[in-house]
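Note that the structure is predicted; figures quoted are calculated from it, not measured. Numbered from 1 within each chain, the chains take letters A, B, ... in sequence-line order.
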Number of protein chains: 2
Amino acid sequence: MTVIFSKKCEYGLQAVLYLAAQISREVIPAEVIANKLSIPKEFVSKILQSLTENGIVISQKGKSGGFAIAKDPKKIKLIDIVAAIDGLSMFNNCVMGFPNCNPENPCPLHDKWGELRSKAYSMLTDENLDNFREKTLRKISNL
Amino acid sequence: MTVIFSKKCEYGLQAVLYLAAQISREVIPAEVIANKLSIPKEFVSKILQSLTENGIVISQKGKSGGFAIAKDPKKIKLIDIVAAIDGLSMFNNCVMGFPNCNPENPCPLHDKWGELRSKAYSMLTDENLDNFREKTLRKISNL
DNA sequence: TATAAATCAGACCAAAACATCCGGTATATG
DNA sequence: CATATACCGGATGTTTTGGTCTGATTTATA
């Protein structure tokens, strides 16, 4: 079972965080990213490819090509990556899978989960990728 | 993507909540439960079968057989069902999938997620199934 | 005691998630 | 301009999850 994000999304978050933490904006090949994060190269490559369509990363083809963050990390939030990969349905669906879970027709956990869910949302929206730079570098250097 | 629980677990939670909310302790056939909750009969049947092994529900075979809650709903918590079906790994794993995510080597979301996760845990442990009776009945009557 | 209605075990099937492979194309660099 | 190296698109393979089916067994009850 996944915690809350799919593996694809987890890898996407890791990879984008990694790219956003770089000092230089030079592209990095998928293979280097994959090795650094110990995740399958082909897979992370596909994920980053799809993120180019969302304007989160850019890619450069050909020799010494690779991926880089597309814009100022101050302007990207974790929720952007989650939205691009897993979508935002987890912020709308009932935690127990009941249909039509809403304030008029709540499941037994509706209120408590609603509160946690909105805090989870804040966790992904309150800070931008630049705010995570230090922590990302520290984590990555210990992988 | 799942919210946090697998479909199996979601259905298990719904079914057990339903059984625990009954006034009588008489067994209810899987088909009735499935119809009431609009979930596949064969599937919920399998899930309840597996929960008999954990002592959460009991089953009666043969004509007019079915499933019922195994013990006093005051003595069962939602976490028991989650633990029996999905396990508790989501309470130990990194939300972004980083390896060795711990206070010495935290991911960028470690602290925030840790807090949310422990609140999610409380949500599943603070109350027993009897506490959810009213809410369950109200929800189920509107399905 | 025959029958109908249920669980149970295990095989089976389908779909989604996870992951790899290949052939094409772009491009930096020698 | 040749070559090596990278992304890209699409097909393919694998594993896990979600769901169904069948046949055996159990058991209440007519």
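- In this view, B:K7 and B:E10 satisfy the side-chain hydrogen bond (donor to acceptor under 3.5 Å, both in side chains) rule, not counting sequence neighbours.
- Remark: A:K119 engages A:E115 in a salt bridge, criterion side-chain N to carboxylate O under 4.0 Å.
- Legend: ring-ring contact (aromatic ring centres under 6.0 Å, His included) pairs involving residues 110-143 of chain B, not counting sequence neighbours, sorted by first then second residue: B:F91-B:Y121.
- In this view, A:K135 and B:P108 satisfy the side chain to side chain contact (heavy atoms under 4.5 Å, CB included) rule, not counting sequence neighbours.
- For residues 27-41 of chain B, proximity to DNA chain D is found at B:P40, defined as any non-hydrogen atom under 4.0 angstrom from a strand atom.
- Residues passing the side chain to side chain contact (heavy atoms under 4.5 Å, CB included) test with A:K74 are A:D72, A:N128, A:D130, sequence neighbours excluded.
- Partners of A:N35 under the side chain to side chain contact (heavy atoms under 4.5 Å, CB included) rule, at least two apart in sequence or in another chain, are A:E31.
- Within residues 10-21 of chain A, no residue approaches DNA chain D, by heavy-atom distance under 4.0 Å.
- In this entry the distance linking NZ of B:K8 with P of C:dA16 reads 18 Å, nearest Å.
- Following rounding to the nearest Å, B:E26 (CD) and D:dT27 (P) show an atom-to-atom distance of 18 Å.
- In this structure, A:Y18 and A:Q14 have side chains that are not in contact, with every pair of non-hydrogen atoms separated by 4.5 Å or more.
- Scanning residues 42-59 of chain B for heavy-atom distances under 4.0 Å to DNA chain D yields B:E42, B:F43, B:K46.
- Applying the side chain to side chain contact (heavy atoms under 4.5 Å, CB included) rule to B:A70 yields the partners B:I58; only residues at least two apart in sequence or on another chain are considered.
- Evaluation of the side-chain hydrogen bond (donor to acceptor under 3.5 Å, both in side chains) rule for A:N142 yields B:N105 as partners, not counting sequence neighbours.
- In B:K71, the NZ atom is crowded: over 12 heavy atoms of neighbouring residues, nucleotides or ligands sit closer than 6.0 Å.
- In B:K36, the NZ atom is not crowded: 12 or fewer heavy atoms of neighbouring residues, nucleotides or ligands sit closer than 6.0 Å.
- Between B:I56 and the options B:L48, B:L51, B:I85, a side chain to side chain contact (heavy atoms under 4.5 Å, CB included) holds for only B:L51.
- Under the rule for a side-chain hydrogen bond (donor to acceptor under 3.5 Å, both in side chains), the partners of B:Q49 that lie at least two apart in sequence or sit in another chain are B:S45.
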What is the per-nucleotide protein-contact pattern of nucleotides 23-29 of chain C, from the 5' end, where B denotes a base atom under 4.0 Å from a protein heavy atom, S denotes such proximity for sugar-phosphate atoms only, and - denotes neither?
---BBB-

